[in-house]
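Below you'll find the structure, written out as structure tokens, and then a few comments.
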Amino acid sequence: MTVPSLASSLSDSVTDAAASLGLADFVPQVRRSEHADFQADGVLAAARALRRRPRDIASAVVAALPAGDLVAAARVAGPGFVNLELADRALLAQLADRLGDSRLGVGTAEAGVTTVIDYSQPNIAKEMHVGHLRSTIIGDALVRILEHLGGTVVRRNHIGDWGTQFGMLIQYQLEQPEPPAVTDTATMRRLAALYRQARAAFDTDPAFAERARRRVVALQGGDPATLAAWRDIVAESTRYFTDIYDRLGVRLTGADAVGESAYNAALAGVAGELADRGVAAVSDGALCVFFDDVRGPDGEPTPLIVRKRDGGFGYAATDLAALRQRVADLHADRLLYVVDARQALHFRMVFDTARRAGWLPPAVPAVHVAFGTVLGPDGRPFKTRAGDTVRLADLLTEAVDRARDVVAAKNPGLAGAALHERARQVGIGAIKYADLATSRTRDYTYDPDRMLALTGNTGVYLQYAHTRIRSILSRADGADASVDPGTTLEPAERALILDLDGFADTLTEVVAGYEPHRLCGYLYRLAQTFTAFYERCPVLRADEPVRGNRLALCRLTGDTLRTGLELLGIDAPEQL
RNA sequence: GCGCCCGUAGCUCAGCGGAUAGAGCAGGGGACUUCUAAUCCCAAGGCCGCAGGUUCGAAUCCUGCCGGGCGCACCA
């Protein structure tokens, strides 16, 4: 059952007070304050319109606040701020309410909403790199959060499994057969090496380039032997991706992978409809969509090219076909694309084209959830085509290895499979948290030391806070964490309840901007607040009823941290 | 040339209309017979790129500069 946050209840109270005074234009903004539990802002803005003194209005609002158990004290401060102190009893009641709900009182705002989210998007026969990592991790977190809020989420892994590069790849493989590798990782390395060699041959050997081009025609024409070779390559790569996703603990499966090739049959129809509706027109032999404000360096309009001069289809056509299918067949109420920010113009053109074509109704938002480019140590973007990237598989291995060293040092009793599992949870958690914790639009420099750090504002800090709580609760030996609302709260306890109460509102903010880093910030703050409580307020040694209340605080904090971490895709083990 | 993103502590980043701008890391000083020190406390560290504007109030919104990154016709 949904538990309204204290902030929203206060907002209602202040709004009611303002309404009773006839201040209809006054929209209070209630937020946490360093001067009180909460402050209500907006009086100063309203004062001017009403031609009244701000402090007078604030005083009137304070006087008109509905009588109830919530507010213990309200006073005017500064030029016209309203400071609000809540009653301990109300805070404890809120704690009990959240604790009494299996979902911690979080509502289901996404119920009935279908989101189709496109993320990860690795390329067949290429190693995944840190850019794919970002898309995968951010996308996975958004999926989990939307689903937690009751939404229906359709995951789409738009794999790069089609295109002219497969001609050279297949041709090269046929000409230079190699024995199949034993493991998936080794297979992937073989394929990636094959890709680089094929590329080199294509660029330097005109005869090979010609054979490769003919192979593309054979592939597109459905030649059985060529198709079989293509399927083998796709299958090998897919096994590698699945292995990575399993190690990451990401909820992407083969069923979510709908590659570019899946839309081949629809491309001609897409082009035809665009032409029929006058959205696209032939220019210089290519079927193009033009935009008033998109021009190149020469001042000439830059089109979205749906069909190339040679009759082939580019990725614009594929994206349009996929979009149309997601709205028409999957009944998407919202489309998300977790893709590198460099694709911004492309998505703008695709969305605009789809709107014009009528495939994307006004009520269906399409959002490019852009993330910053991952830069190398030299400040340059990581190259994907040169093959000069950090292998994702190696990064994961290193993260787990480092975590294992730290875990083993701190917890010498751990060994074998248990140690490995703990190391995996910590190491993968470190990578995910590092990627999720900063705002996604910003570019960042790839730095394994920072990404894999295990001190400070990191995933392990949150995991550690969680284990301390679990330790207390297990030592409490099943004692009842029942809330006695009649006690007086310590400052550290009040701060903790106030932070805990912000969980649901934080999730709302995350969805509003598709910004998982806000959840990271919230959880880190919560863990810090808990640690302050932990330092100052003994739990097990306290007397009843304080002991029970503190156990309740521990329980709700632990549940909130665990839930929050899970929504980020990070495990919250019982012990480190 | 046009467009998008970004300039906040030495470094990496939060904060995106509210009161005195916050964390982490690095560096300095402290705290483990205690519910796990993967932690905590203290001190130090800032023309919030620059200049105008809007506002009672701007790191936050608008405009213009400066600096950096990225993108802009048949690769994805």
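Letters A, B, ... are given to chains in the order of the sequence lines, protein chains preceding strands, and every chain is numbered from 1.
One can place CZ of A/F351 at 21 Å from P of B/rG3, the figure rounded to the nearest angstrom. Spacing between atom CZ of A/R342 and atom P of B/rC4 amounts to 19 Å, rounded to whole angstrom units. Straight-line distance from the CG atom of A/L304 to the C1' atom of B/rG3: 16 Å, rounded to whole Å. In this structure, A/M168 atom CE and B/rC75 atom C1' are separated by 11 Å, rounded to whole Å. Distance A/H368 NE2 to B/rC70 C1': 12 Å, rounded to the nearest Å.
Ring-plane geometry between A/F208 and A/F202 is classed as perpendicular, the angle between the planes exceeding 60 degrees on a 0 to 90 degree scale with a lower cut at 30.
Under 3.5 Å, the side chain of A/D284 and the base of B/rC74 form at least one donor-acceptor pair of N or O atoms. Residue-to-nucleotide contacts include a donor-acceptor pair under 3.5 Å from the side chain of A/S283 to the base of B/rA73. A donor and an acceptor atom never sit less than 3.5 Å apart when one is taken from the side chain of A/Y464 and the other from the base of B/rA38.
RNA chain B lies under 4.0 Å from at least one heavy atom of each of the following residues of residues 431-438 of chain A: A/T438. Within residues 520-529 of chain A, the residues having any heavy atom closer than 4.0 Å to RNA chain B are, in order of number, A/Y524, A/Q528.
For A/T15, the side chain to side chain contact (heavy atoms under 4.5 Å, CB included) partners at least two apart in sequence or on another chain are A/S11, A/P28. Qualifying ring-ring contact (aromatic ring centres under 6.0 Å, His included) partners for A/Y464, counting only residues two or more places apart in sequence or in other chains: none. A/Y315 meets the ring-ring contact (aromatic ring centres under 6.0 Å, His included) test with A/H346; sequence neighbours excluded. For A/F38, there are no ring-ring contact (aromatic ring centres under 6.0 Å, His included) partners, not counting sequence neighbours. Here A/Y263 pairs with A/H158 under the ring-ring contact (aromatic ring centres under 6.0 Å, His included) rule; sequence neighbours left out. Applying the side chain to side chain contact (heavy atoms under 4.5 Å, CB included) criterion to A/D161, with sequence neighbours excluded, gives A/I124, A/I159, A/W230, A/V234, A/E260, A/S261.
Across all strands, A/A286 comes closer than 4.0 Å to base atoms (heavy-atom distances). A/G160 comes within contact range of no nucleotide atom at all, as no heavy-atom separation falls under 4.0 Å. Using a 4.0 Å heavy-atom distance criterion, A/R295 is classed as a base contact. A/T458 comes within 4.0 angstrom of no nucleic acid atom, judged by non-hydrogen atoms across all strands.
Of the charged side-chain nitrogens involved, none lies within less than 4.0 Å of a carboxylate oxygen, so that A/D405 and A/R402 do not count as a salt-bridged pair.
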Listing time: all N or O pairs from protein to nucleotides 19-22 of chain B that are below 3.5 Å?
{"residue": "B/rA19", "atom": "O2'", "partner": "A/H35", "partner atom": "NE2", "Å": "3.2"}
{"residue": "B/rA19", "atom": "N7", "partner": "A/Q39", "partner atom": "OE1", "Å": "3.0"}
{"residue": "B/rA19", "atom": "N7", "partner": "A/Q39", "partner atom": "NE2", "Å": "3.3"}
{"residue": "B/rA19", "atom": "N6", "partner": "A/Q39", "partner atom": "OE1", "Å": "3.0"}
{"residue": "B/rA19", "atom": "N6", "partner": "A/N83", "partner atom": "OD1", "Å": "2.5"}

Identify each atom pair where a protein N or O and an N or O of nucleotides 26-29 of chain B are less than 3.5 Å apart, giving names and distance.
none

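In this structure, the side chain of A/Q575 does not engage the main chain of A/R422 through any donor-acceptor pair within 3.5 Å.
Rounded to a whole angstrom, the distance from the C1' atom of B/rG30 to that of B/rA44 is 15 Å. Taking atom P in both B/rA38 and B/rA14, the straight-line distance is 28 Å, to the nearest Å.
Sorted by first and then second residue, the pairs that involve residues 281-296 of chain A and meet side-chain hydrogen bond (donor to acceptor under 3.5 Å, both in side chains), not counting sequence neighbours, are A/D293-A/R348.
Considering only side-chain N and O atoms, A/R468 lies under 4.0 angstrom from the phosphate OP1 or OP2 of B/rA37. Between A/R536 and B/rC40, a side-chain N or O to OP1/OP2 separation shorter than 4.0 Å is absent.
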How is the base pairing of RNA chain B summarised as a dot-bracket string, given the Watson-Crick and G-U wobble criteria with both distances under 3.5 Å, [ ] for crossing and | for another strand?
-> (((((((..((((....[...))))..((((.......))))......(((((..]....))))))))))))....
